[in-house]
Amino acid sequence: MSTLTLHLPDGSTRELPAGSRAIDLARAIGRRLGQDALAATVNDVLCDLATELHDGDRVSIVTPASEEGRDVLRHSTAHVMAQAVTRLWPGAHFAIGPAIDDGFYYDFRLPGGARFSDEDLTRIDEEMRRIIAEDQPFVREEHSYEDGLALFADQPFKVEIISGVREGRGGEDESEVSGSVVSSYRNTESFRDLCRGPHVPSTGRLGHFALMRVAGAYWRGDEKREQLQRVYGTAWESAAALAQHLEFLEEAARRDHRILGRDLDLFSFPSELGPGLSVFHPRGGTIRRVIEEYSRSRHVAADYEFVYSPHITKSVLFETSGHLDWFSDDMYPPMELDEGQAYYLKPMNCPFHVLIFKARQRSFRELPLRLFEFGSVYRYEKSGAVHGLTRVRGMTQDDAHIFCTRGQMRDELAGLLTFVLDLLRDFGLNDFYLELSTRPEGKAVGSDEDWKVAEATLAEVAAAAGIETVLDEGGGAFYGPKISVQARDAIGRTHQLSTIQLDFQLPARFEAEYVSSENQRERPVMIHRALFGSVERFIAILVEHYAGNFPTWMAPEQVRVLGVRDDHDEYVHEVRRRLRAAGLRAVADDAHEPLGARIRRAKIEKVPYILVVGDDDVRANTVGVNSRGSDTPERGVDVDEFIARLSDEVARHGSPELSRGA
RNA sequence: GCCGGUGUGGCGCAGUUGGCAGCGCAGGCGAUUUGUAAUCGUCAGGUCGGGGGUUCGAAUCCCUCCACCGGCACCA
């Protein structure tokens, strides 16, 4: 056959001479595409532009400004980095270097146990730019298993990868080795890397990258194995895209809740308390109280019962629950009391709620029984894990456990998911996807049958919710699978928020029972759920989502009242008194400073409304309104009208009746 | 826990080859009386993360511990 018929993504076909490669197709389609092309997808497989095409192939050309294109150029940039490092540190061993979100990394072992310093990043960067200027080709070569081992004989990590695949370990689809064929990419006579590809045609196509940081990383992610030196970089298709990403990182840094928490006087981590232990200051405390009160009101409306449990318990509770078997290393060590009785600080609330369920005989008529508690828990997080309010050693969960029959669980879960999403939307989060986490192999308890039913039920409910759902294989808890709600924040980052877990195990371990309509003792199903996760972490996410500009209903201080001169102070306090009488959080600033300075301070403190009052206002019973985010103040607003306006704004965001579906 | 980095008034920073710990903001006090993002002056505030060592002398050099930051691992 002398011509090939190729199918393009738009449904059209194109004829090319036999023996044509993907790059020939790109050039045939257009000169510009020929120049832009980085790789191709042939019959849904990503591959090099040099790939030879066959009659009937479905081909699309991969260009830089696409997910696949960025992946290819990031992965190729990682290879360039590996070459740069081996040039600078002859004898360096390199392990793996994949593309990741926003960039790439590569793991190295330097000769003599040397470590990268920050200055080394600059040297590596410069060397990489030299390699890019040399415009070295990426040449794919395939070798036999034995030749592959010989080629990489001086690279022990590569040898391990090659032989590992051969021995059937880690034969996943991302492998560089398939069957007996080992593929590599060669840039120069002296540098090649084991790789499945694809890569850009030559290093000259790269260059919009920045090396970010060096970090330690365990070989193969296993903490029992050697720790390597990992260099992270970011890489993009254009200088503009790179600049935009760096700007995004700066924006994220400006929103950092640890910084804003201090600047806005919300919370702190006194070193006297220890790592991961926070205190909430009055302003942060107000935000927290508003959030908690709102959550309570929504839970009341959804037929939850409110319960309370102590912070410590005898060990038997966590022996029965099984948590001591799994998590004792992550719990605060026990205190020995009463002749050797061990008491533990509680790391979670569920066993307490089971005891409340078991406190008396339960009838099917009581189910579903929904027990809610803002439960403070303590977990001995490893020292390297604590992070601001998002990973702490003491936190409060908005925790509830729902006891229901097997027949009820599907509807209960479906209703719960709606409840969760509604509540999160009320806090201004509205871009979600779900994650379905299944049985963790090797660390799960319970029968296969129970797990199957639980996973299937959750999958069904997730599907019915009509929200994008991704599978998290093996990510469930030891006692059951879970759905977690992932929320995207104002700058597009995702945070795992609510988790909903289905559990057949704890009721069995505690021998929880209810009496059915047939007068039989039956075992209830338990649903664990936390909507905020931890209140502390939720607040951290909201601080960053809003960049500290909390909506008025949550703002610690809603209004600040300033007089133009101090002889307006009496009226200032009068206005403040009326605002507070209307239930608004108002503060007067009567410091003897110029108005501009006091306005500036209020703006920096992100107060939603600044009221300025002067002679005209005293005379007319009005205020000047300077709203956050607006640079044109309103003058002469009637005080009662302002109060009504603000009360309405707060009520619309903060009441269950109005916010639900409104 | 592991790898790397950083610790100087509340915050942000400066501090030469080891030689009297400084600046700005914030804070107190006084003056100023201001219509929409910084009035002026003045005062106070530090065991330079803790401990040990070297030295005539340490914020500075060495050891060690702690905390924090970035990752890894972990995350009921």
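Please read all numbers here as calculations on a predicted model, not as lab measurements. Lettering of chains follows the sequences in order, A, B, ..., and the numbering in each one begins at 1.
Comparing G35(B) with U42(B), their C1' atoms are spaced 29 Å from each other, to the whole Å. When the P atom is used for both G9(B) and G46(B), the distance is 11 Å, rounded to whole Å.
Ring-centre distance between F403(A) and H353(A): not below the 6.0 Å cut-off. When ring centroids are compared, F209(A) and W236(A) stay outside the 6.0 Å threshold.
The aromatic rings of F116(A) and F108(A) sit perpendicular to each other, their planes meeting at more than 60°, with 30° as the lower class boundary.
Test R393(A), H387(A), R391(A) against E381(A) for side chain to side chain donor-acceptor pair (under 3.5 Å) and you get one pass: R391(A).
Mapping heavy-atom proximity under 4.0 Å, the span of RNA chain B touched by chain A runs 5' to 3' from G1(B) to A76(B).
Residue Y479(A) is in sugar-phosphate contact alone, with no base atom involved, counting any heavy-atom pair closer than 4.0 Å across all strands shown. H528(A) comes within 4.0 angstrom of no nucleic acid atom, judged by non-hydrogen atoms across all strands. Within the nucleic acid shown, D330(A) comes within 4.0 Å of at least one base atom, counting heavy atoms only. Within 4.0 Å of G614(A), counting heavy atoms only, lies at least one base atom of the nucleic acid. Residue Q501(A) is in sugar-phosphate contact alone, with no base atom involved, counting any heavy-atom pair closer than 4.0 Å across all strands shown. In this structure, D118(A) reaches neither bases nor backbone, as no heavy-atom distance under 4.0 Å exists between it and the strands shown. Here S271(A) lies out of heavy-atom contact (under 4.0 Å) with every strand. Within 4.0 Å (heavy atoms only), G274(A) reaches no atom of the nucleic acid at all.
A donor-acceptor contact under 3.5 angstrom links the side chains of S117(A) and D120(A), judged on distance only.
The partner of U39(B), taking Watson-Crick or G-U wobble pairs whose two distances both stay under 3.5 Å, is A31(B). Partner assigned to U60(B) is none, using Watson-Crick or G-U wobble distances below 3.5 angstrom. When both pairing distances are held under 3.5 Å, C2(B) makes a Watson-Crick or G-U pair with G71(B).
In the displayed structure, E570(A) atom CD is contacted under 6.0 Å by at most 12 heavy atoms of other residues, nucleotides or ligands.
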